[in-house]
Amino acid sequence: MNAHKRRQMYERLQAALPAPTTELHYRSPFELLIAVILSAQATDKSVNQATATLFQAASTPQAMLALGVDGVKAHVRRIGLFNSKAQNIIKTCRILVEQHGGQVPRDRAALEALPGVGRKTANVVLNTAFGEPTIAVDTHIFRVANRTGLAPGKTVRQVEDRLLKVTPPEFRHDAHHWLILHGRYTCTARRPRCGQCLIADLCDWPDKAAAVAAAGTAQAA
DNA sequence: AACTCGGGGCA
DNA sequence: TGCCCAGAGTT
């Protein structure tokens, strides 16, 4: 995919998709951080369901510490990986209180030093809470970047670096938002909906034609 | 690079 | 039923 096509891709996604916002529910950088920690390998629906009651019980790191691991678990039991996530949340809150004045640090290294926070979570917080032009590569974006030829790469870090390079500056802050929505609702992992894709004509995916045809016969049948 | 954690959603 | 989910940590 060349520079012209990339720009066209972003322009179309920007025009068609809703204003940039997370689908996770949060009211502060702290709540965002916790929600993103919980969202690893989980659906946003299940996360929002859990945080609705969790944040009512505790919306600050101090209050979260008062809940304790078992208290947190009681709210997040229906989310996958909840055991390690509950422990990580408490450890993270302790560090926030002891080393960062109870605030979420606006610093990549400090964020990634928090238990349960990796490259992706740090990027989301930096972008969404602090407005920095990071691109958080998750499974959706990794798939879209490779499938369309927008920014191919074998590792998440490779895709992230390439995305930052090939994304025009004016799109860089919101690219994450558009790419993830596109991957989630159109360029899905299984049975991508190429027939109703806004950018199918710009996409390099070899199986695109087959996918369109399959969708057509599936609807006809 | 491969493995593990993990309940829920969806075809 | 099998595959996937807005990943991170360990080996």
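In what follows, chains are A, B, ... by sequence order, proteins preceding strands, each numbered from 1. Predicted, not measured: the structure shown is a model, and the values here were computed from it.
A straight line from CD1 of A:I79 to P of C:dC4 spans 22 Å, rounded to a whole angstrom. Between the NZ atom of A:K85 and the P atom of B:dC5 there is a distance of 14 Å, given to the nearest Å. Between A:L38 atom CG and C:dA6 atom P the separation is 14 Å, expressed in whole Å. Regarding A:N83, its CG atom lies at a distance of 12 Å from the C1' atom of B:dG7, rounded to whole Å.
For A:Q41, a side-chain nitrogen or oxygen approaches OP1 or OP2 of C:dG7 to under 4.0 Å. The side chain of A:R78 contributes an N or O atom lying less than 4.0 Å from OP1 or OP2 of B:dG8. Using a 4.0 Å cut-off, no side-chain N or O of A:R157 falls inside it from OP1 or OP2 of C:dG7. Between A:S84 and the phosphate of C:dG9, there is no side-chain N or O to OP1/OP2 separation shorter than 4.0 Å. For A:T139, a side-chain nitrogen or oxygen approaches OP1 or OP2 of C:dG7 to under 4.0 Å.
Side chains of A:L150 and A:L202 form no contact here, defined as non-hydrogen atoms less than 4.5 Å apart.
B:dA11 and C:dA6 have their P atoms separated by 13 Å, given to the nearest Å. Taking atom C1' on both B:dT4 and C:dC5, the two are 16 Å apart, rounded to the nearest angstrom. Here, C:dG9 and B:dG8 have their P atoms 24 Å apart, quoted to the whole Å.
Within the nucleic acid shown, A:L114 comes within 4.0 Å of sugar-phosphate atoms alone, with no base atom in reach, counting heavy atoms only. Residue contacts for A:G118: at a heavy-atom cut-off of 4.0 Å it reaches the sugar-phosphate backbone alone, with no base atom in range. Nucleic acid contact for A:V47: none, since no nucleic acid atom lies under 4.0 Å from a heavy atom of the residue. Using a 4.0 Å heavy-atom criterion, one finds that A:S39 contacts the sugar-phosphate atoms exclusively.
Looking at the side chain of A:R184, the nearest of the listed nucleotides C:dG7, C:dA6, C:dC5 is C:dA6. Minimum atom distance to the side chain of A:K45 is reached by B:dC10, of the listed C:dA6, C:dG7, B:dC10.
Remark on DNA chain B: of its neighbouring residues A:K154 and A:F82, the 5'-side contact belongs to A:K154, judged by nearest-heavy-atom nucleotide.
A:R184 has a carboxylate O that lies under 4.0 Å from a charged side-chain N of A:E23, or vice versa, which qualifies the two as a salt bridge.
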